[in-house]
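Before any comments, here is the structure.
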Amino acid sequence: MLKSVYSRIFYFCIVFVMFACAVAGIAVMESANRRYEQEVRQEIEDSAQLLLSTIRNRCVETDTLPLGVVQSDLQNYTLTYNIDCYLFDAEGECLVRSDFANGEIRLNETLRMRADAEPYCQFGATAEGRTESTARYVEFLDIDGDRYYLMLMYPIAKLEEFSQNLLIVLTIAVLAIGLVAAPLLYLNTRQLLKPVTQITHAAEAYAKGDFSVRLQPQGDGELDYLAATMNRMAEFIDRNERSRKSFVSNVSHELRTPMTTIGGFVDGILDGAIPPERSKEYLQVVSSEVQRMTRLIHSMLNISKFEEGTLTPDFQRLEVTDLMIRTLLLFEQKAEAKQLSVEGLDTAAPTYIEADRDLMQQVFYNLTENAIKFVNVGGSLSLAVHTDDTHAIIRLRNTGEGLTETEMAHIFERFYKTDASRGKDTTGVGLGLSIVSRIVALHSGTVTVKSVPNEYTEFVLSLPLQQPKSAQPKDAAATSPKAKQGEGNSHE
């Protein structure tokens with residue numbers, strides 16, 4: 001019954017409301033009882049003062065205590081107000097009584113001593129010969145040096161009846177409030193938990209792989225924030241899921257193509273379909289395809305190492321301009337095939353930084369391959385290197401179609417590739433620029449992209465001249481895993 005959040009909140013609210021009403025009712029009942037008791041006490045005190053005055057007046061009239069007259073007065077008072085009256089001497093012997101009852105009655109010494117100090121009133125006492133509770137009032141009076149005690153016995157059945165009636169009213173009120181509150185709490189709790197139910201349904205859909213469900217704001221700050229967070233999570237997972245599927249498809253294609261080429265050429269050489277004099281030519285093609293697969297595998301391994309945090313750079317003093325130029329020269333044939341003009345090689349000043357040589361070569365390799373892949377035929381590729389007080393700034397720009405704002409926002413996400421329908425990238429799996437951003441981050445640097453559609457795209461690296469101490473390896477003798485040349489990627 002109490003397994004769901006809804007039922008727990010509902011029953012908790014009901015119990016809390018009933019408990020609060022009961023506590024409030026008990027407090028009201030206690031206050032009412034005390035007030036009523038005070039009224040009864042005041043009534044008894046007034047009655048006592050009236051009787052004491054009457055007794056004194058009788059003594060003044062007769063110069064003695066007329067017991068018969070006093071008994072008559074007390075009996076008349078009892079018949080009128082239902083208050084039994086007793087008059088005792090200093091020893092506690094009953095001199096006059098108004099209850100028409102037989103049997104001896106005495107005022108014990110304890111009550112006499114209390115009455116000597118001040119008028120004594122006790123509620124709930126059971127008097128001698130009585131079964132019902134009473135309010136007993138005792139006060140002394142002095143007549144010509146003789147001490148007497150007047151005791152009044154007031155039946156408090158009315159007080160008990162008042163308390164019982166008040167308890168009945170309280171019980172009915174609590175039940176009525178519970179009956180009224182139950183449907184209101186039911187509707188309010190149901191409305192309150194409606195967003196939670198929607199979030200639960202959305203989570204169930206996400207668990208089944210449907211990330212198209214989106215939650216709408218309900219006007220509740222905390223739940224709206226949770227709904228917005230769930231929506232962002234769904235968008236992120238959905239995007240990653242699409243990227244994963246695209247990655248699997250692209251990797252399958254990237255591996256299948258060279259494997260098919262390698263298998264075909266090797267089989268051709270083995271079965272004699274390819275003349276022996278051309279075997280070297282085809283083996284070079286096989287070697288190129290093997291290198292291509294090797295770069296792809298290294299890219300995927302490096303991504304895993306980045307995510308696991310196990311890739312530790314081996315920082316050393318490095319002339320970054322020379323490394324960049326050497327990397328550019330690796331693409332000389334591709335640059336000539338596109339009739340590119342390469343600018344800035346002769347003006348880039350030698351610049352030294354602390355970096356991992358192999359990792360930085362992979363950065364330059366991926367950026368250069370990316371730039372040449374998307375440069376327009378007959379376009380230009382330019383390099384610029386300069387420094388400020390703390391960082392080396394490296395710029396690599398290529399002319400061409402450029403990038404949109406949306407593409408630049410996701411360019412460094414893993415598996416991201418620009419719009420395939422535009423024919424920008426027919427190879428690669430979307431890892432190159434993601435690896436670049438992660439390697440640069442390992443070097444405490446930044447990488448940004450600038451682009452003007454149909455004009456140029458420029459990548460800007462900012463690398464510290466000296467690595468902060470916290471970035472240095474703790475164990476200088478430790479060997480770090482080296483990253484090899486990366487898989488060529490699309491704009492990511």
Side-chain angles (χ1 to χ4, degrees), residues 27-166:
V28 171
M29 187 175 71
E30 184 67 20
S31 176
N33 282 336
R34 289 185 178 181
R35 186 176 183 84
Y36 190 71
E37 183 178 312
Q38 290 175 355
E39 292 178 356
V40 171
R41 183 189 300 269
Q42 187 62 46
E43 181 181 345
I44 295 175
E45 290 180 356
D46 292 342
S47 299
Q49 296 305 315
L50 176 63
L51 290 174
L52 289 174
S53 177
T54 301
I55 293 173
R56 290 191 181 97
N57 290 336
R58 295 298 187 187
C59 291
V60 171
E61 291 174 358
T62 61
D63 248 352
T64 185
L65 180 59
L67 295 180
V69 177
V70 171
Q71 182 171 13
S72 178
D73 291 337
L74 295 183
Q75 288 176 348
N76 290 333
Y77 192 85
T78 297
L79 292 173
T80 303
Y81 297 102
N82 193 29
I83 299 178
D84 293 334
C85 308
Y86 305 86
L87 185 64
F88 300 91
D89 62 14
E91 300 300 325
E93 295 292 337
C94 183
L95 302 176
V96 176
R97 61 190 301 174
S98 66
D99 56 0
F100 302 99
N102 297 321
E104 184 179 356
I105 181 173
R106 286 181 58 84
L107 184 64
N108 60 56
E109 185 178 359
T110 302
L111 292 178
R112 296 199 306 271
M113 292 178 62
R114 290 182 176 180
D116 288 339
E118 62 180 355
Y120 173 74
C121 185
Q122 178 185 16
F123 281 84
T126 302
E128 293 81 350
R130 294 174 180 266
T131 57
E132 74 278 8
S133 296
T134 60
R136 175 158 40 189
Y137 182 88
V138 182
E139 186 175 352
F140 80 90
L141 71 158
D142 189 278
I143 301 176
D144 294 333
D146 295 327
R147 182 174 290 269
Y148 299 92
Y149 296 92
L150 176 67
M151 182 174 72
L152 305 183
M153 301 292 290
Y154 183 91
I156 58 173
K158 290 184 178 179
L159 183 60
E160 294 176 345
E161 182 181 356
F162 174 78
S163 298
Q164 293 174 357
N165 291 338
L166 196 59

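- Here the straight-line distance linking atom CG of D89 with atom CG of L95 works out to 4.5 Å at 0.5 Å rounding.
- Using a 4.5 Å heavy-atom threshold, the side chains of L52 and Y148 count as separate.
- The main-chain N or O of L50 is found under 3.5 Å from a side-chain atom of T54 such that the two form a donor-acceptor pair.
- Taking the side chain as every heavy atom from C-beta outward, L141 and L87 approach each other to under 4.5 Å.
- Within a 6.0 Å sphere centred on CG of D46, heavy atoms belonging to other residues, nucleotides or ligands number more than 12.
- T78 places a side-chain N or O within donor-acceptor distance of the main-chain N or O of L74, the cut-off being under 3.5 Å.
- At a threshold of 4.0 Å, the pair E30-R34 counts as salt-bridged, since one of the basic side-chain nitrogens sits closer than that to a carboxylate oxygen.
- A 4.5 Å side-chain heavy-atom check between V69 and T62 finds every atom pair outside the cut-off.
- Within the model, atoms CD1 of I44 and OH of Y154 stand 6.5 Å from one another, a figure rounded to the nearest 0.5 Å.
- A distance of 10.0 Å separates CE in M151 from SG in C85, rounded to the nearest 0.5 Å.
- Test I55, V96, D146 against L65 for side chain to side chain contact (heavy atoms under 4.5 Å, CB included) and you get one pass: I55.
- A donor-acceptor pair under 3.5 Å links the side-chain atoms of S47 to the main chain of E43, judged by distance alone.
- Heavy atoms from other residues, nucleotides or ligands lying under 6.0 Å from CG of D63 number 12 at most.
- At a threshold of 4.5 Å between non-hydrogen side-chain atoms, the residues M153 and D99 do not count as touching.
- In terms of heavy atoms, Y137 sits closest to C121 at CD1-CB, 3.9 Å.
- To the nearest 0.5 angstrom, E91 atom CD is 9.0 Å from Y149 atom OH.
- Proximity of S98 to Y77: side-chain heavy atoms (C-beta onward) are nowhere separated by under 4.5 Å.
- Within the 3.5 Å criterion, the main-chain N or O of A135 finds no donor-acceptor partner in the side chain of R41.
- Distance check, rounded to the nearest 0.5 Å: CD of E139 to CG of L51 gives 10.5 Å.
- Residues Y86 and L107 have side chains not in contact (no heavy-atom distance under 4.5 Å, counting atoms from C-beta outward).
- Checked by atom type, the side-chain pair N57/E61 shows no donor-acceptor distance below 3.5 Å.
- In this structure, R58 contributes its side chain and P66 its backbone to no donor-acceptor pair below 3.5 Å.
- Between R147 atom CZ and R112 atom CZ the span is 11.0 Å, to the nearest 0.5 Å.
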